[in-house]
Every structure is written in structure tokens, then in C-alpha cells.
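To find a chain, count down the sequence lines: A is the first, B the second, and so on, and within it residues start at 1. What you are looking at is a predicted structure, and each value in this text was computed from that prediction instead of being measured.
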Protein chains: 2
Amino acid sequence: MLNERSPTRIQKKNRAAILEAALEVFSAHGFRGATVDQIANQAGLSKPNLLYYFPSKDAMFTALLSELLDTWLDPMREIDASGDPLEEILAYVQRKLQMSRDYPRESRLFANEIVQGAPRMLDALSTDLRDLLQEKEAVLQGWMAAGKINQTHPKHLMFSIWALTQHYADFDVQVRMLMGPEDPFDAAPEFLETLYRRMLTPKS
Amino acid sequence: MLNERSPTRIQKKNRAAILEAALEVFSAHGFRGATVDQIANQAGLSKPNLLYYFPSKDAMFTALLSELLDTWLDPMREIDASGDPLEEILAYVQRKLQMSRDYPRESRLFANEIVQGAPRMLDALSTDLRDLLQEKEAVLQGWMAAGKINQTHPKHLMFSIWALTQHYADFDVQVRMLMGPEDPFDAAPEFLETLYRRMLTPKS
DNA sequence: CGTGACTTTGACCAGTTGGTCAAATCCAAC
DNA sequence: GTTGGATTTGACCAACTGGTCAAAGTCACG
């Protein structure tokens, strides 16, 4: 039996290897499209051995999610209500874009799930994400009321940032196919900065 | 045997029912997540009967794609090089947004495929979409050179329109979960119009 | 009607998949 | 090095999946 109290050296190593492999496979094929065999292969372990560490495919997925969600939401947490409004938002956009560049698999994992109705994720999202959004929405509204940034719908503003930044990870194949040899991430930062600067800079 | 020359009344009806069911199921679960049985059920036919009309699950998916891609690209085709630049782009954004509202399943079908690397779709995209984008990119560049709209990266501008509008269909569950009872499509048109108006209106 | 083509289906098949289990092997601490 | 728990695995299973097929049923039309 697996002892969860004090993980051994081997447990730590294998658990990490499995989650890394699960991220690779789940993000590329979605939950149903991924097979335990694939993950086992990717992790360099046998299938029964995987199921020694995680009782089921579902458990692997759930564990992976709860490990990633926190990191995924970090860029939004860092938005500082006491900073300069426009610069805070622009910095957030750049952090999100950087996440798409550095962690595209994580982005696709979430995208896969949400597109299919988030059957295994809605609970987590409807607590963590909902609360965090509500908090930052209030911050945005404060900035708008103070005339620091243009008036607009705060929720849609956040959606737009998610959509624009994650697009480069989630639709990577399409973007690269259409851009040829040019790296999408070369021009994206400047494009998004310009977009949100024009959108939000107060008319004064 | 199935006679493809002159479809009978029954052939027309069943083919349509199958493609409608396939859209429903493929868009909700992705290609691999969908089962032929599910589609048969949804269409009100038996599984062998489905396979009488389409030789394989793959053929169903391919047929569905080639039927939808044209419609999907229509809003972009309608961009008129001789129209008013800013209004043409704003109208395009609204058409795309309307597509997300009226045909969310189609949007999710494409999203599902592309997120997973578009294994069955890249060919179609890399001809039809690539050509169309190249054409409209030239139009945008003309408008920018003439000072009719602000200078910006035309490809990223198009990507941003796709990302923002399709987000409302593809991430529907997340958006609705965060917006509560309010309909996302109430405020989205105005938000996007404002966004692109501020982005593109020349500084003069 | 009757007849030939079109349509539908129950039974079936081989391959895949998530998961089990008992036995074997490994490892750390005494 | 012995021992007891931790780890690994080959063999296996039931459910599911895409697809086949021969036989039965239905339809249009002369």
C-alpha cells in the first residue's frame, strides 16, 4: 500500500514524473483522448505501477489540476491595487502572455477541459477563480471610478485579457501556421501593450 | 449500396440528421471523446445504419468539417476593401461575435481540434484560411498605409478578433459561471466595439 | 401487385481501455 | 544479511469501441 504520510524518495520522484507525463498527454489529447498507457509510457513506468501511485485516471487528472490551478492564477493575484492602474494592467497582460509562452501545455489543458464544458473542473473554477475575479473586479472598478483608466466593463476586460493571451498557447498550431517562420511571441507583447494602452488610457 | 449520384429523399434526410448529431457530439467531446454510438443515438439511428451513410467515424468528421469551414470563414470574406476601413473592421468583429452566439457548437468543434494540434484539420486550414488571411491582411495594410486606421501588426489584429469573439463560444461555461445570470452577449458587442474603436481610430 | 434497388438491423468481431491482483522484487533500517 | 514494508510487474478481465455482414424489411415504380 501507498503511504501518504511521509513520501519516500521514490514516491516523490515517481509522483512528479507521472504528473509531468500526465500534463504532456492530457494537454495534447484531452481527458478522454489520453490513455493511461500513454501516460505510463511517457513517464517511463508500467501501467499497473501508475495505478499504484494514483488510484485511477480520474485521480491523476484531478491531482494535476489542483496542482496547476494555483500557479495558473498567480499572475492575476499579483495585480496590485495600490500600484499605477494602467501599468498594473499592462504588466498583468505581459505576465499572462509569458505564461502562454512558457507553459503552453497548462493553458491547453485548461482550454481542453473548458471547451468541453469543464465537467471535472467547474467546482475548482467556481470557487478559486470566481473569488479572485471578484476581488480584482473591485480593484478595476475603483480605478475606473477614480478616472485612472477609461470606464469599461471590468469582467469583459478580464475576459479579453485571458482570450488574447491564452490564444497564443491554445491555438498555437494555427497561429504558427499562419505566421510562417516568424515567432508569434516576438510581436505579441508590443501588440497587446498598444491595444490595452489605447483602450484604457483616460481621454483627459 | 449507397448511391451518391442522386440522393434519395431518405438519404438527404438521414445525412442531414447525422451531420447535425455529429456536430452536437463532436463539438461537446472532441473527435476521440465522441463515440459512433452517441452520434447514432443523437441522430435517432442505429450504429450500422450510420455506417451505411458514412464509411467511418473519420469520414463523418471530415464531411462535417468541409461543410462548416466555408460558413465559418464567411464573416471574414465579407470584409470590403472599398468600404470605410474602421466601420468594415467593426462590422467584421460584430459578425464574428454573432457567429459565436448563434453557432457556438461550430466554434467549439474548431477549438477542440486546434487545441489538440488540428491533426485532421491542418490541411484545410493551411489552404482556405491561409489564402483568405493573406488577402485580408493586404487590405488592412492598405488601410494602414493610407492612414485610415492606426498602424499595427495586421496578423495579430486578426488573431485578436478571433480570440476575443470565439472566446465567448469556446469558454462559454467559464464566462457564464463568472457572469452569473447576466448574458455575456448583452455587453460584449459594445465592449468589443469600444475596444477596437479606441485601438484603430487614427490619432490625427 | 411484384420486383429490384434502397434501407435497416441484430449479432458479431477484434482491438483498445481502465483497472485488478497475486506474486515477485527492491530497499532501508536494524 | 534479515526482515518487513514499499515498489514493480505479467497476466488477466470486463466494458467499450469502431466496424462488418448477412439477412430482413421497405420503398419506388412499372
side-chain hydrogen bond (donor to acceptor under 3.5 Å, both in side chains) partners of [X], counting only residues at least two apart:
{"X": "A/Glu190", "value": "none"}
{"X": "B/Asp102", "value": "none"}
{"X": "A/Asn49", "value": "none"}

Within the structure shown, what part of the strands sits under 4.0 Å from A/Phe54 by heavy-atom distance: base, sugar-phosphate, or nothing?
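It contacts nothing in the nucleic acid.
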Taking atom types as modelled, find out whether B/Asp80 and B/Ser82 have a side-chain donor-acceptor pair closer than 3.5 angstrom.
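Yes, side-chain donor-acceptor contact under 3.5 Å.
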Both distances under 3.5 Å, Watson-Crick or G-U wobble: on that basis, could you give the dot-bracket string for DNA chain D, with [ ] for crossing pairs and | for other-strand partners?
||||||||||||||||||||||||||||||
Whole angstroms only, please: what is the CG-P distance between B/Leu50 and C/dG10?
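Roughly 14 Å, once rounded to whole Å.
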Whole-Å distance between D/dT7 C1' and A/Ile18 CD1?
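So the two atoms are 12 Å apart, to the nearest Å.
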Heavy-atom contacts under 4.0 Å between residues 38-48 of chain A and DNA chain D, which residues?
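Listed by number, they are A/Ser46, A/Pro48.
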Of the listed nucleotides ([options]), which one gets closest to any side-chain atom of [X]?
{"X": "B/Leu51", "options": "D/dT8, D/dG19, C/dT7", "result": "D/dG19"}
{"X": "B/Arg32", "options": "D/dT8, C/dT16, C/dG18", "result": "C/dT16"}
{"X": "A/Ile10", "options": "D/dT8, C/dC6, C/dG19", "result": "D/dT8"}
{"X": "A/Val36", "options": "C/dG18, D/dT7, C/dT8", "result": "C/dG18"}
{"X": "B/Lys57", "options": "D/dG19, C/dT7, C/dG18", "result": "D/dG19"}

Side chain to side chain contact (heavy atoms under 4.5 Å, CB included) assessment of B/Gln94 paired with B/Leu90:
CA-CA 6 Å; B/Gln94 296 301 325; B/Leu90 292 179; 5.7 Å; no
For C/dT7, does either OP1 or OP2 sit under 4.0 Å from a side-chain N or O belonging to B/Gln11?
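So the side-chain polar atoms of B/Gln11 do come within 4.0 Å of the phosphate oxygens OP1 or OP2 of C/dT7, strictly under.
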Think A/Tyr52 has a side-chain N or O under 4.0 angstrom from the OP1 or OP2 of D/dT7?
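Checking A/Tyr52 against D/dT7: at least one side-chain N or O falls below 4.0 Å of OP1 or OP2.
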Set out, in order, the CA-CA distance, both residues' side-chain angles and the distance that settles side chain to side chain contact (heavy atoms under 4.5 Å, CB included) for B/Phe31 and A/His29, then state yes or no.
CA-CA 10 Å; B/Phe31 180 80; A/His29 305 287; over 6 Å; no
According to the ring-ring contact (aromatic ring centres under 6.0 Å, His included) rule, which pairs have a member within residues 89-136 of chain B, sequence neighbours left out?
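Every pair satisfying ring-ring contact (aromatic ring centres under 6.0 Å, His included) with a residue in residues 89-136 of chain B: B/Trp72-B/Phe110.
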